Amino acid sequence: MLEITCPYCGKRAQKEFTYAGDAGAERPNLETGTNQDWFEFVYLRDNPRGLHDELWHHSAGCRRLIKVRRDVVTHEIIDTGAPSDSLSTGAS
Amino acid sequence: MSHQPFRNPTGGNIDRSQPLTFTFDGKVYQGYSGDTLASALMANGVKLLARSFKYHRPRGLSGYGVEESNVLVQLRTGARSEPNIPATRVELYEGLVAESQNRWPSLHFDIGAVNSKLSGLFPSGFYYKTFMWPAKFWPFYEHAIRHIAGMGKSPTLEDPDSYTHNYRHCDVLIAGGGPAGLMAALSAGQSGARVILCDENADFGGMLRGRRDTIRGKSGPEWVADTVAQLAAMENVRLLRRTTAAGYYDHNLIVLDERVADHKATPENHEPRHRIWHVRAKEVVLATGSIERPLVFADNDRPGVMLTSAAQAYANAHGALAGRRAVIFTNNASAYAAAADLKAAGIEVQAIVDLRDSLETPELEIAANANIGVLNRHVVVAAHGAKSVHSVTVMPVDSNTTPVGEAQEILCDVVCLSGGWTPSVHLFSQSRGKLCYDETLSAFVPDKSFQRERSAGACQGAFQLDACLHEGAKAGAQAAVAAGFATTAADVPRCSADAVVKPRLLWAIPTPDHLHGGKQFVDLQNDVTAADVGLAYQEGYRSVEHLKRYTTLGMGTDQGRTSNVNGLAIMAGHRAEAITAVGTTTFRQPFTPIPMGAVAGLNAHDHVAPVRTTPLHHWHESMGSPFAPTGQWLRPQGYPKDGETLEQAAMREAKHVREKVGIVDVSTLGKIDVQGPDAIEFLNRVYINSFSNLAVGKCRYGVMLREDGLVDDDGVVTRLAENRYMITTTTTHASAVMNRLEYLLDVDWPSLNVHLLSVTDDWSGIAIAGPHSRTVLTKLTAADLSNSAVPFMGYAEIDVDGVPVRLFRISFSGELAYEINMAPNATRTVWDALLKAGANQEIIPYGLEAMNVLRIEKGHVVGGELNGRTTADGLGFGKMISTKKAFVGKVPARRAGLTRDDIHQLVGLVPTDEKTRIPRGAQLIADPKATKPVAMQGEVTSQCMSPNLGHPIALALLNGGRARHGETLKAHSPITGQTVTVTVTNPIFIDPQGERLRG
């Protein structure tokens with residue numbers, strides 16, 4: 001059970017959140033996106049070992065979407081922020 | 001009855017002034033307050049307490065606490081009956097009832113014991129090998145095997161007790177309240193940190209409860225009492241007794257299982273039976289102690305063979321004697337003090353049989369002072385006896401630990417084993433800490449921490465009391481400092497010295513030829529022997545995980561607490577590798593079993609999921625309407641009268657609405673308020689149709705696609721003001737749609753200035769439908785409801801019977817209709833007013849079923865058609881799709897597979913005989929007699945008897961259906977076996993031009 005820091009609310013238990021997918025997936029432009037762009041966006045995801053940027057919906061909290069940089073091996077959460085924020089790499 | 005032949009008149013932490021009566025296997029016994037079921041049975045001289053899992057061998061107590069492998073009992077009776085509870089974990093209370101398990105007809109005469117005589121037939125993997133063929137008989141075999149190899153019985157009655165969950169944050173959590181845990185709590189407590197100290201037993205003290213140490217000149221239990229009193233006086237320290245730290249999870253979440261009322265006959269004063277604590281700790285101290293290991297030799301499972309520390313604890317803490325004459329068999333020094341304790345308690349210690357070559361002065365002094373003979377460089381090669389051990393065979397060993405020379409038989413009724421100690425690293429390992437193998441201790445100990453925790457005392461291999469106290473004090477201070485508090489280690493009291501554990505190893509004592517045939521048990525609970533481990537090796541199951549699953553070594557309620565290391569070591573021997581190379585199996589949560597009721601907590605019965613009811617719920621109830629669960633909602637299905645069935649009521653109601661007027665509760669529809677200067681742009685991006693020209697005060701039907709181009713949901717968009725819209729969603733998709741819209745705004749289009757608010761619960765809804773609906777409504781309002789003032793798809797804010805409402809001229813039924821939204825607490829007022837005002841028009845309430853009939857007659861789609869596999873064009877929304885703007889799903893919806901002519905398209909179906917009901921879920925096929933596989937062309941999604949047409953109808957999705965109106969097909973239900981001949985029609989059965997709703 002993770003403990004996730006919501007940038008708007010602070011530290012909260014995982015059960016307040018709903019996983020909302022890969023934060024790295026880039027939505028094609030509605031006007032200019034091609035069929036191939038959409039195919040990749042809808043169906044293709046990387047499954048990296050190690051650091052992964054993901055979106056979490058604070059569904060039982062402020063209801064904002066947040067970006068979480070998590071090490072999927074250790075479950076360590078390196079940084080969190082708004083979806084458009086650039087997150088820390090954790091290297092110190 | 002009160003005579004307890006194996007109870008000393010004094011000594012121990014029991015209250016002899018409080019006798020307690022209990023029943024085991026129907027026989028009444030007496031014990032004392034402070035006893036466990038195990039200690040009370042021992043005091044009464046009951047040695048045969050269980051039959052083993054596979055061979056039904058007679059078994060007695062093997063341990064003192066959670067490590068007990070043999071004596072699992074069925075505790076209590078009736079609804080509170082609970083199987084597989086170790087007797088060592090049951091605190092005695094007045095009237096306790098327990099039964100032995102896995103025997104028939106009785107413990108003393110058990111038919112299943114024939115398995116033991118036939119044991120040559122039951123090697124490891126026997127069941128897999130024998131009963132796997134033919135596979136279809138497995139359910140039969142399984143039933144029979146479960147009966148013989150069963151454990152206890154699950155209660156069949158509903159659990160009458162309640163369970164609850166608590167959530168806490170703390171600075172320092174200490175798991176285990178022995179000497180190390182108590183010292184850690186003192187150190188951390190004095191720093192001001194919020195401390196939780198939990199211990200699985202009724203009293204703190206851990207190993208001090210069962211030994212005769214002295215600390216600061218007092219006995220162990222006296223020092224514990226002083227220390228606990230000191231801790232209890234600290235406001236920042238919470239002490240939890242009978243509370244097991246059961247699971248260590250990510251980000252320092254530790255789950256504790258508190259047995260609030262298990263030590264009572266029934267919970268009192270509405271207390272829960274168990275309380276689960278979810279503790280998020282900044283820092284953790286693990287002080288979980290260690291468990292003694294047995295030694296493996298022939299027939300080492302006879303009743304009376306037990307861990308040395310167990311016999312010692314029964315004697316010291318309960319004044320209960322395991323027998324009259326004991327033989328101690330050890331490979332390390334820790335057994336000597338225990339032997340002296342047993343002797344002091346009145347057990348004749350025949351000999352200490354010690355595997356080691358040379359002994360050290362301290363232990364020799366203990367033996368000499370207690371006048372106990374020591375046979376060093378000797379082993380016990382076999383135990384003898386059936387329902388109780390009566391003797392052992394002892395032999396010398398040579399320098400290779402092979403038994404050689406003359407065997408001697410020693411009479412005894414207790415055999416105490418000490419094969420070294422296994423640190424309880426379960427929590428450490430669950431926290432993903434790395435273990436290493438300590439050759440000196442011959443045990444796995446914590447190596448590298450993964451989370452914010454540290455181990456102290458015996459659980460990291462520091463077995464001496466002095467070391468436990470020091471390590472505990474240090475670890476508690478370290479944890480507090482790491483959590484941000486300034487402190488130093490608490491003062492460590494002086495204590496008595498105890499032996500250093502350095503076992504000499506011989507993992508399975510070879511059985512000499514003349515004693516051939518005895519079983520050398522490694523895992524008592526699962527009847528796994530040293531030979532079984534050898535067989536697993538021979539058959540190639542050599543990894544520890546394979547070994548476990550093939551032999552069941554380490555499974556069951558004790559999870560291999562006593563057998564794990566012995567089993568791994570024997571496998572390592574076969575593999576001729578170091579134990580480190582063999583490794584250990586994964587330790588998983590929970591440490592000890594947790595009742596399912598405790599896991600569920602309050603989330604049981606009606607509280608499994610929230611139930612949502614509309615403001616009119618009680619009215620529907622009072623009218624006798626049944627309710628249909630729709631997501632979390634309960635929706636009224638209809639109002640049967642005069643003995644009608646629900647379907648008859650629905651037919652009547654649906655007919656009445658088309659002819660006159662009816663009202664229906666539509667409060668459950670999802671409603672989202674959309675506001676902001678970019679609201680229109682936002683709506684245009686999420687719906688397939690355009691809202692750019694939607695005027696204020698107008699409604700428009702809209703359809704949303706998913707990212708993959710298939711239909712997601714539909715609803716009505718109403719423009720309330722320049723930059724304010726309300727959109728509706730289907731009842732069941734409301735939260736999913738909200739989530740998706742929030743995602744789009746937050747993640748993908750943050751530049752859009754739009755705010756969303758779910759207002760489903762802020763606006764209740766009533767639909768009034770039927771040719772007389774305007775007439776009825778006009779009676780309750782001064783507002784102009786004419787077609788010019790409020791046309792079809794118009795919107796107005798008016799008063800109805802004095803209640804301000806939002807009025808939408810929309811129609812799900814296909815009739816002249818309005819939807820009225822109002823404040824929830826005004827709903828009943830409006831509902832009653834409509835019923836009263838409509839009396840002359842014969843207004844009726846109608847339910848979900850009639851509404852469904854009306855919408856099927858109109859070809860309106862709901863969940864069955866919006867099934868996640870249909871396209872907008874397939875459902876008939878092709879003309880709505882805007883070509884002038886981009887929207888979610890537009891590009892993927894144009895994929896070739898979604899635009900072919902032969903994909904699922906919405907059609908109507910009518911049985912050709914105009915009589916037979918079309919089976920729900922039926923497949924549409926051309927010829928049921930065709931050679932299988934028969935090509936499935938479509939499926940029935942909704943069906944009903946149409947009261948307004950007078951024959952059954954259905955909606956269906958049919959390959960290329962739009963071009964096939966008039967065609968004849970078979971609707972076949974593989975479930976009912978029915979086949980009905982149907983004609984394909986337009987899905988809109990009534991008023992396809994929409995004249996009625998514009999009326």
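Remember, it's a predicted structure, so these values are computed and weren't measured experimentally. We name chains A, B, ... by the order of the sequence lines, and we start the count at 1 in each one.
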| message | So for B/Val888, is it side chain, backbone, both, or neither that comes closer than 4.5 Å to the heavy atoms of chain A? | response | both
| message | Less than 4.5 Å to any heavy atom of chain A: does that hold for the side chain of B/Arg280, its backbone, both, or neither? | response | side chain
| Between B/Asn684 and B/Ser692, which heavy-atom pair has the shortest distance, and what is it? | ND2-OG, 2.9 Å
| Heavy-atom distance under 4.5 Å to chain B: side chain of A/Thr18, backbone, both or neither? | neither
| Crowded around A/Arg45 CZ? As in, over 12 foreign heavy atoms under 6.0 Å? | yes
| query | Would one find more than 12 heavy atoms of other residues, nucleotides or ligands at under 6.0 Å from atom CG of A/Asn47? | reply | no
| query | Ion pair present between B/Arg740 and B/Asp713, side-chain N to carboxylate O less than 4.0 angstrom? | reply | no
| query | Quick one: what part of B/Arg894 sits under 4.5 Å from any heavy atom of chain A, side chain, backbone, both or neither? | reply | neither
| request: Answer with side chain, backbone, both or neither: which region of A/His57 has an atom nearer than 4.5 Å to a non-hydrogen atom of chain B? | output: side chain
| field | Part of A/Ala13 lying under 4.5 Å from any heavy atom of chain B | value | both
| remark: If one checks every heavy atom of A/Phe41 against chain B at 4.5 Å, the contacting part turns out to be side chain
| remark: Turns out that what part of A/Lys11 lies under 4.5 Å from chain B's heavy atoms comes down to neither
| query | What part of A/Leu2 gets closer than 4.5 Å to chain B, counting heavy atoms only: side chain, backbone, both or neither? | reply | both
| request: Could you look at B/Tyr167 and say if it's the side chain, the backbone, both or neither that has a heavy atom under 4.5 Å from chain A? | output: side chain
| Do the non-hydrogen side-chain atoms of B/Val284 and B/Tyr248 ever get within less than 4.5 Å of each other? | yes
| query | Which bit of B/Asn739 is near chain A, if near means a heavy-atom gap under 4.5 Å: side chain, backbone, both or neither? | reply | both
| task | Show your working on salt bridge (Lys or Arg N to Asp or Glu O under 4.0 Å) between B/Lys671 and B/Asp762 and close with a plain yes or no. | result | CA-CA 9 Å; B/Lys671 302 170 202 80; B/Asp762 300 80; over 6 Å; no
| field | More than 12 heavy atoms of other groups within 6.0 Å of A/Glu26 CD | value | no
| query | Quick one: what part of B/Leu744 sits under 4.5 Å from any heavy atom of chain A, side chain, backbone, both or neither? | reply | side chain
| Is any side-chain N of the basic residue among B/Lys282 and B/Asp171 closer than 4.0 Å to the acidic one's carboxylate O? | yes
